There are 2 protein chains.
Amino acid sequence: MSTIVSLNKALTEFYDKMASWESSVVRESEYSLAQIHTLEVLGNYGAMNMKSLANQLGITTGTLTVQVEKLVKLDLVKRQHSEDDRRSITVALTEAGQAIHEHHNALHLSLTEDLSKDFSEDERHTLMALLNKVNQEF
Amino acid sequence: MSTIVSLNKALTEFYDKMASWESSVVRESEYSLAQIHTLEVLGNYGAMNMKSLANQLGITTGTLTVQVEKLVKLDLVKRQHSEDDRRSITVALTEAGQAIHEHHNALHLSLTEDLSKDFSEDERHTLMALLNKVNQEF
DNA sequence: ATAGATAACTTGATTGTCAAAGTAAATGTC
DNA sequence: GACATTTACTTTGACAATCAAGTTATCTAT
């Protein structure tokens, strides 16, 4: 089997397992997958407008409007009108939202520690570097 | 920043981008994300019973029963009663389901080719090997 | 036998989703 | 500057996905 096919399998399998892990972790929390995912993107990439956020999440802005509305009511995110473009709305984490993101991120970090527990420091670094190269191509 | 934190970021970012790619690819098809994902798991890991499949997909068997029902009506999967355990039902792809899986898999392969287009054969191989090591730990 | 565990299914309530249409603001063109 | 077009977001209506809890059938252990 060619390297590219094996690589494809490995990437796909990792994606599947990550999705499965994510959904089981989220199910134990009091928030939904969609909600945690939204907080996660805002925490990892910083505040952004509705369009970018919807794009990151892979949903329409219509769906996102409803989602953000709920998060605002839960005091997890806040909306800020942009000054240069009054149509645009920047969505940002509140302190409470930031706290939830940090907690969720700690779970991710602990997973990463687990997954790479038998790696040498070199191997970790190599995997990280290669993944970053992949991520840039996306 | 420590290697483990960078590695965590890289893994998370890859997962996010993959999820986003998957949802945009699926939106262009006539099937839903949940449906394609089900076919994908059956295609990649082979036929399995309801419990294993639900577990792989990260959903309850109750949800899966409904989902499989739709796929059976669409003639994409079939149910087979297990012989050793009459409670158990094995879900398998039909020929039509297999065809859709193969088409979807081709898209994945083409993505992998794209993402690793600037990689040497050595780099591809290293990334594949490290990912497989990660996958085994899950 | 029979009690308990397991695999799948059913049901009811909730949430997530899109497409399409609507509003308000910015941009381009004449 | 007026007006058409584009852009950013929201609203609405219909439908799909999901879970939790309860049910049925079957298996396992005692």
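Numbers restart at 1 for each chain; the letters A, B, ... are given by sequence-line order, proteins then strands. Worth saying up front: this structure is predicted, and the values here are computed from it rather than measured.
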Task: Touch class at under 4.0 angstrom, heavy-atom based, for A:T65 against every strand present - done: base

- [ ] Report the nucleotide, chosen from C:dC9, C:dA25, C:dT11, that has the shortest atom-to-atom distance to any side-chain atom of B:I89.
- [x] C:dC9

Task: Interatomic distance, B:L53 CG vs C:dC9 P [rounded to whole Å] - done: 11 Å

- [ ] With heavy atoms under 4.0 Å as the rule, sort B:T63 into base, sugar-phosphate or nothing.
- [x] base

Open item on the list: Rounded to whole Å, how long is the line connecting atom CD1 of B:I36 with atom C1' of C:dT17?
Closed with: 17 Å

- [ ] May I ask you to verify if any side-chain N or O of B:R79 is less than 4.0 angstrom from the OP1 or OP2 atom of C:dC9?
- [x] yes

- [ ] Check whether any side-chain heavy atom of B:W21 sits under 4.5 Å from a side-chain heavy atom of B:L107, and report yes or no.
- [x] yes

- [ ] Could you check how far CZ of B:R27 sits from C1' of C:dG16, rounded to whole Å?
- [x] 12 Å

Task: Phosphate OP1/OP2 of C:dC18: any A:T60 side-chain N/O under 4.0 Å - done: yes

Task: Within one Ile-Leu-Val-Met-Phe-Trp-Tyr cluster: A:L33 and A:L76, side-chain cutoff 4.5 Å - done: yes

Task: Protein-nucleotide distance (A:H81, atom NE2; C:dA24, atom C1'), rounded to Å - done: 11 Å

Task: Interatomic distance, B:M50 CE vs C:dA7 P [rounded to whole Å] - done: 12 Å

Open item on the list: What range of DNA chain D does chain B touch, first nucleotide to last, counting atoms under 4.0 Å from its heavy atoms?
Closed with: D:dA16 to D:dC27

Open item on the list: Just the rounded figure in Å: distance from C1' of C:dT17 to CD of B:E22.
Closed with: 17 Å

Open item on the list: By nearest atom, which of the nucleotides C:dA26, C:dT17, C:dC9 is closest to the A:R87 side chain?
Closed with: C:dA26

Open item on the list: Counting neighbours of NZ on B:K133 that are heavy atoms of other residues, nucleotides or ligands and sit closer than 6.0 Å, is the number greater than 12?
Closed with: yes

Open item on the list: Could you check whether B:Q56 and A:S20, counting side-chain N and O atoms only, form a donor-acceptor pair closer than 3.5 Å?
Closed with: no

TODO: Would you mind classifying the nucleic acid contact of A:S32 as base, sugar-phosphate or nothing, using non-hydrogen atoms under 4.0 angstrom?
DONE: sugar-phosphate

- [ ] Say whether B:F14 and B:L130 are linked into one hydrophobic cluster, either directly or through other cluster members, by side-chain heavy-atom distances under 4.5 angstrom.
- [x] yes

Open item on the list: Taking any heavy-atom pair under 4.0 Å as a contact, classify A:Q67: base, sugar-phosphate, or nothing.
Closed with: sugar-phosphate

Task: Spacing of B:I59 atom CD1 relative to C:dC9 atom C1', expressed in whole Å - done: 14 Å

Open item on the list: If you assign each of A:Q35 and B:N49 to its closest nucleotide in DNA chain C, which residue comes earlier from the 5' end?
Closed with: B:N49

Open item on the list: Any non-hydrogen side-chain atom of A:Q67 less than 4.5 Å from a side-chain atom of A:T38?
Closed with: yes

Task: Whole-Å gap separating P (C:dT15) and CG (A:L71) - done: 13 Å

TODO: Please step through salt bridge (Lys or Arg N to Asp or Glu O under 4.0 Å) for the pair A:K17 and A:E13, ending with a clear verdict.
DONE: CA-CA 6 Å; A:K17 292 188 168 181; A:E13 191 176 334; 3.1 Å; yes

